[in-house]
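Below is one structure; the comments refer to it alone.
Owing to the predicted nature of the structure, the values given are computational and were not obtained by experimental measurement. Note that these values count all heavy atoms, side chains included, but never hydrogens, waters or copies made by symmetry. Just so it is clear: chains get the letters A, B, ... in the order the sequence lines come, proteins before strands, and each one is counted from 1.
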Protein chains: 2
Amino acid sequence: MPEDRLSTTLSALADPTRRAILARLALGEASVGELAEPFEMSLPAVSKHLKVLERAGLISRGREAQWRPCRLEAAPLKDVNNWLDGYRRFWEQKFDRLDAYLQELQRIDPDAGKN
Amino acid sequence: MPEDRLSTTLSALADPTRRAILARLALGEASVGELAEPFEMSLPAVSKHLKVLERAGLISRGREAQWRPCRLEAAPLKDVNNWLDGYRRFWEQKFDRLDAYLQELQRIDPDAGKN
DNA sequence: AGGTTATTTAACTGAAAGGTTTTTTAGAAT
DNA sequence: ATTCTAAAAAACCTTTCAGTTAAATAACCT
């Protein structure tokens, strides 16, 4: 039971259909039918995916006649980004052989390679 | 069945226990027992979480006597970050009243405000 | 009113997730 | 050789998830 917001957001994102829906919404608002069109699954299935996204705060829904247009809400993505930032150094730091070697040189002689 | 890498990664991250494990590993290698210690759940449960993280490529395991030290592997996090980048503009763009108003002006008269 | 279109709700199903306890495996140490 | 410790595997249970089809809502259009 992922009660916490971040877990809810990440598990909403952990589905290719839902990410495809977000990608579509990045292009602009769309109705449920429009969103469902590219997929082979039934409409209720898409409707459920939308509910998951909505619960996670990743989309919001308007009301226009019989359509319920969806739009992207990026706030939770920002939260994910903020969480990820805590690990950025782990992937920006390159630890392949050459880098390790250069770092070691650097450690031994901080002036190595200058000029 | 999330066959794709990104889905596997995101669903591995969508659990607070697993994120806590990663946070611990960001401080350095640790054995399964050490990783399990802060949690109330059984050891096999933690072992399963580690397997999920390993399948997602988020950790790797060594072998040292009867211990199997785990260490963080950040590559999949980088992938998540890359994916997220496609949405960055949506949360960096501020959509408060003034911005919306200025955008509306822009829409009506693209030359408004120039000079 | 009656019908059409868009979407949600309900009821059901099968598979996967996350936990438990018990049993194995593997290496260390006595 | 036996025993201790660290970890994994097996077997099981319960809940959640992703999908289905069929029925209900809701707003529009004659």
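For the pair A/Arg18 and D/dA18, the criterion of a side-chain N or O lying under 4.0 Å from OP1 or OP2 is met. When the side-chain nitrogen and oxygen atoms of A/Lys51 are compared with OP1 and OP2 of C/dT7, none of them lie within a distance under 4.0 Å. Side-chain nitrogen and oxygen atoms of B/Ser31 include at least one within less than 4.0 Å of the OP1 or OP2 phosphate oxygen of D/dA7. The side chain of B/Ser42 contributes an N or O atom lying less than 4.0 Å from OP1 or OP2 of C/dT20. Phosphate proximity of D/dA9 to B/Lys48: absent, as no side-chain N or O sits under 4.0 Å from OP1 or OP2. Applying the 4.0 Å criterion to OP1 and OP2 of C/dG19, one finds that B/His49 has a side-chain N or O inside that range.
Between B/Leu43 and A/Pro44, the residue anchored closer to the 5' end of DNA chain D is B/Leu43, taking for each the nucleotide with the nearest heavy atom.
Rounded to an integer number of Å, the gap from CZ of B/Arg55 to C1' of D/dA8 is 17 Å. Following rounding to the nearest Å, B/Ile59 (CD1) and D/dA8 (P) show an atom-to-atom distance of 9 Å. Nucleotide C/dT24 holds its C1' atom 16 Å from the CD atom of B/Gln66, rounded to whole Å. Atom P of nucleotide D/dA8 and atom CG of B/Leu35 are separated by 10 Å, given to the nearest angstrom. B/Arg68 has its CZ atom 14 Å from the P atom of C/dT25, to the nearest Å. In this structure, B/Arg63 atom CZ and D/dT5 atom C1' are separated by 15 Å, rounded to whole Å. Distance, A/Trp67 CH2 to D/dA26 P: 17 Å, rounded to whole Å. In this entry the distance linking CG of A/Asp15 with C1' of D/dT16 reads 14 Å, nearest Å.
To the nearest 0.5 Å, atoms CZ (B/Arg55) and OG1 (B/Thr8) are separated by 5.5 Å.
In this structure, A/Leu13 and A/Leu77 have side chains that are in contact, with non-hydrogen atoms separated by less than 4.5 Å. In this structure the side chain of B/Asp15 never reaches within 4.5 angstrom of the side chain of A/Leu10, judged on heavy atoms. Under the 4.5 Å side-chain criterion, counting only non-hydrogen atoms from C-beta, A/Arg71 is not in contact with A/Arg61.
Side-chain N or O atoms of B/Tyr87 include one that pairs as donor or acceptor with a backbone N or O of A/Ala23 at under 3.5 Å.
Here B/Arg61 lies in heavy-atom contact (under 4.0 Å) with sugar-phosphate atoms only.
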